[in-house]
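Working notes, structure below.
What you are looking at is a predicted structure, and each value in this text was computed from that prediction instead of being measured. Heads up: numbering here begins at 1 and tracks the sequence.
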Amino acid sequence: MLERVLSEKKVINERMTEQMTALQKALAMQEELVAAVNVELTETRTEKAREVEHRQKAEALLEALQKQIGEETKRRRELEESQEQLSLANAKLSAMAAALE
C-alpha cells in the first residue's frame, strides 16, 4: 500500500514537472513573438515605401501574439488549476504515506 502511494506521488510530481516545463516553453515562445513584433515595428521606421507592408506584418504578428497570449493564458490557468489539484492529491498521498508508516 505504501509503495503504491509513493508511486502515485512520484507520478504526480512528474506530471507537475512536465506541466511546469510546458508552461516555461509557452512563455519562451511568447517572448520570442514579442521580440519579433518589436523588430518588425522598428524596421517600419526605415523606409516610407515599406512602411505600410511592415505595419501590416507587425499588426498580423501582434494579432497572432494576442491570440496566442489569450490561448496561453487560458492554458496557464488550466495548468495552474491542474497543478493545484495535483498538489492537493500529493498532500493527501503524503498524509496517507505518513499514516501508513
Roughly how far apart are [X] [atom1] and [Y] [atom2], rounded to 0.5 Å?
| X | Y | atom1 | atom2 | value |
| --- | --- | --- | --- | --- |
| Thr17 | Asn13 | OG1 | CG | 6.5 Å |
| Gln68 | Arg75 | CD | CZ | 11.0 Å |
| Lys67 | Glu63 | NZ | CD | 8.5 Å |
| Lys25 | Leu23 | NZ | CG | 12.0 Å |
| Glu72 | Leu79 | CD | CG | 8.5 Å |

Atom CD of residue position Glu80 - does it have more than 12 heavy atoms of other residues, nucleotides or ligands inside 6.0 Å?
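Result for CD/Glu80: enclosed.
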Got a sec: does the CZ of Arg15 have more than 12 other heavy atoms crowding it under 6.0 Å?
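Open: at most 12 neighbouring heavy atoms sit under 6.0 Å from CZ of Arg15.
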Examine distances only and state if a side-chain atom of Ser7 and a backbone atom of Glu3 form a donor-acceptor pair shorter than 3.5 Å.
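Side chain of Ser7 to backbone of Glu3, a donor-acceptor pair under 3.5 Å: no, none is there.
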Is it the case that the side chain of Ser82 and the backbone of Glu78 share a donor-acceptor pair, with hydrogens and angles ignored and the cut-off at 3.5 Å?
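Such a contact is absent between Ser82 side chain and Glu78 backbone.
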Close side-chain approach of Gln19 and Leu86, heavy atoms under 4.5 Å
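Gln19 reaches Leu86 side chain to side chain.
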Is any side-chain heavy atom of Val37 closer than 4.5 Å to a side-chain heavy atom of Leu33?
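No. Closest side-chain heavy atoms not under 4.5 Å.
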What about [X] and [Y], same hydrophobic cluster or not, with Ile/Leu/Val/Met/Phe/Trp/Tyr joined at side-chain heavy-atom distances under 4.5 Å?
| X | Y | result |
| --- | --- | --- |
| Met16 | Leu27 | no |
| Met1 | Ile12 | yes |
| Val11 | Leu93 | no |
| Val34 | Leu62 | yes |

Contact summary for Gln30 and Leu65, nearest pair of heavy atoms:
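Between these two residues, the closest heavy atoms are O-CD1, 4.0 Å.
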With salt bridge (charged side-chain N to carboxylate O under 4.0 Å, His left out) as the test, would you mind laying out the steps for Arg4 and Glu8 before giving the verdict?
CA-CA 6 Å; Arg4 193 182 106 232; Glu8 288 179 24; 2.9 Å; yes
